[in-house]
Amino acid sequence: MLGTFVEVVSDESSASEIVFSEIKRIEGLLNKYDPQSEISRLNRYGSLAVSPETLYIIEKAKYFWQASSGAFDITVGPLLDLWGFSDKKYRKPTQAEVNRALRLVGSDKIILDKNNNSVKLKLPGMKLDLGAIAKGYAVDCAVKRLRGQGIKNCLINAGGDIYCLGDNSGKPWRVAVQDPRKRGPLGNLKLENVAVATSGDYAQYFIKDKRRYSHIINPKTGYPADSGVTSATAVASDCLTSDALVTIIVVLGKQGAEKLLDQFPDVKTWIIEKERDNA
Ligand code: AMP
Ligand code: MG
């Protein structure tokens with residue numbers, strides 16, 4: 001689901017059904033690979049009256065765009081297509097192609113009208129991609145549903161976007177952080193009633209001429225992020241925040257993200273940087 005695997009761990013047998021049905025509902029709104037989703041229709045028609053939830057998530061994305069000075073930008077859709085990350089036919093585009101796609105990028109070109117719940121994309125060819133935030137949001141929605149049904153303990157993992165509800169048979173949930181360059185964990189986190197997300201350049205990438213090109217794009221250059229961060233993990237009270245922040249850290253780098261992270265004093269991060277000159 002949501003272009004990844006979703007894992008549910010709970011000793012309550014109804015938990016998985018609640019989680020999967022809620023995530024399926026969010027997919028119907030936000031999945032760009034489903035031609036009938038609200039996001040796909042918005043991308044196709046350039047403007048659309050959307051559900052309050054879709055409007056909310058686009059507003060959130062615009063907030064993170066502003067907070068990150070443009071490092072987080074859901075208008076990177078045309079760049080993801082260009083680099084082959086949408087159809088998994090990876091390629092290195094020419095600078096002219098990158099420049100052309102860059103003209104369609106910029107969340108200032110998303111016009112929201114809250115009075116009639118409509119979204120408008122200013123330029124033809126613009127394309128929204130909620131891949132950096134939709135999983136986190138879906139996990140939060142599923143947690144809300146679980147709580148509403150009285151389920152106390154459950155771990156949800158949507159491709160690295162995780163929520164640890166309650167505990168695991170009286171002990172904290174243990175979440176391993178993967179080594180970005182080797183198989184196996186770097187260490188374990190013990191967590192209860194918090195979200196944790198990890199992003200990195202090892203999840204989706206291709207290597208060309210000894211350089212690694214990953215699916216997280218720097219919207220300023222139009223090239224895959226090259227900040228030196230190979231993996232970023234953030235623990236926050238909600239999964240949408242941790243999801244968005246880790247993507248931003250990969251784009252801005254450890255130092256570049258410092259100022260933004262100061263605005264989130266309750267968020268804990270682990271950032272791994274590559275050794276110099278290694279892909
Ligand atoms: P994540 O796995 O949460 O880091 O999200 C990566 C996904 O976010 C990519 O597969 C794209 O769909 C999308 N994306 C890539 N670069 C950006 C960016 N700079 N801002 C927002 N979304 C992005
Ligand atoms: Mg993310």
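Quick note: residue numbers are just sequence positions, from 1. Atoms within each ligand, like the ligands themselves, are counted from 1 in listed order.
In terms of protein heavy-atom proximity, atom 13 (C) of ligand 1 is nearest to Asp129 OD1, 3.6 Å. Protein heavy atom nearest atom 16 (N) of ligand 1, with residue, atom name and distance: Ile217 N, 3.0 Å. The shortest contact between atom 15 (C) of ligand 1 and any protein heavy atom is with His215 O, 3.2 Å. The protein heavy atom nearest to atom 1 (P) of ligand 1 is Ser199 OG, 3.2 Å. Nearest to atom 20 (N) of ligand 1 among the protein's heavy atoms is Asp73 N, 2.9 Å. The protein atom (non-hydrogen) at minimum distance from atom 14 (N) of ligand 1 is Val76 CG2, 4.0 Å.
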After noting the C-alpha distance and the side-chain angles of Ser51 and Glu38, does the key distance pass the side chain to side chain donor-acceptor pair (under 3.5 Å) rule? CA-CA 8 Å; Ser51 61; Glu38 288 193 350; 3.0 Å; yes

Check step by step if side chain to side chain contact (heavy atoms under 4.5 Å, CB included) holds for Gln178 and Leu186. CA-CA 6 Å; Gln178 192 182 319; Leu186 267 181; over 6 Å; no

Let me see the working for Tyr137 and Asp238 under side chain to side chain contact (heavy atoms under 4.5 Å, CB included), right down to the final yes or no. CA-CA 8 Å; Tyr137 177 66; Asp238 67 278; over 6 Å; no

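The aromatic rings of Phe206 and Trp83 lie tilted to each other, with the angle between the two planes from 30° to 60°.
Residues Tyr223 and Gln95 bring a donor and an acceptor atom of their side chains to less than 3.5 Å of each other. Side-chain polar atoms of Lys254 and Thr269 form no donor-acceptor pair below 3.5 angstrom.
Under the 4.0 Å criterion applied to side-chain N and carboxylate O atoms, Asp81 and Lys127 are assigned as salt-bridge partners.
Excluding waters, the protein N/O/S atoms found under 2.8 Å from the Mg ion (ligand 2) are Ala132 O, Asp243 O, Asp243 OD1, Thr247 OG1.
Exactly one residue among His215, Lys274, Arg181 makes a side chain to side chain donor-acceptor pair (under 3.5 Å) with Asp201. That residue is Arg181. With Leu155 as reference, Val175 is the one residue of Leu191, Val175, Val8, Asp167 to meet the side chain to side chain contact (heavy atoms under 4.5 Å, CB included) rule.
Short contacts between ligand 1 and Pro219, defined as distances under 4.0 Å to a heavy atom of the residue, involve ligand atoms 19 (N). Taking every non-hydrogen atom of Thr247 and a distance limit under 4.0 Å, the qualifying atoms of ligand 1 come out as 1 (P), 3 (O), 4 (O), 5 (O). Residue contact check: Lys135 has heavy atoms under 4.0 Å from atoms 2 (O) of ligand 1. Of all the atoms in ligand 1, the ones that sit under 4.0 Å from a non-hydrogen atom of Ile216 are 4 (O), 15 (C), 16 (N). Distances below 4.0 Å separate heavy atoms of Asp243 from the following atoms of ligand 1: 3 (O).
The side-chain heavy atoms of Arg211 and Asp209, taken from C-beta on, include no pair separated by under 4.5 Å.
Residue contacts with ligand 1, taken as heavy atom pairs separated by less than 4.0 Å, do not involve Gln204 at all. Residue-level proximity to ligand 1 for Leu80 is carried by the side chain, the only part with a heavy atom below 4.0 angstrom. With a 4.0 Å heavy-atom cut-off, ligand 1 is reached by the backbone of Ala132 and by its side chain too.
Distances from ligand 1 to the non-hydrogen atoms of Ala71 include at least one value under 4.0 Å.
Judged as a salt bridge (charged side-chain N to carboxylate O under 4.0 Å, His left out), and not counting sequence neighbours, the contacts of Glu22 are Arg25, Arg145.
For Lys144, the NZ atom counts as loosely surrounded, since its 6.0 Å shell holds 12 or fewer non-hydrogen atoms of other residues, nucleotides or ligands.
Between Tyr90 and Tyr213, the gap from one ring centroid to the other reaches at least 6.0 Å.
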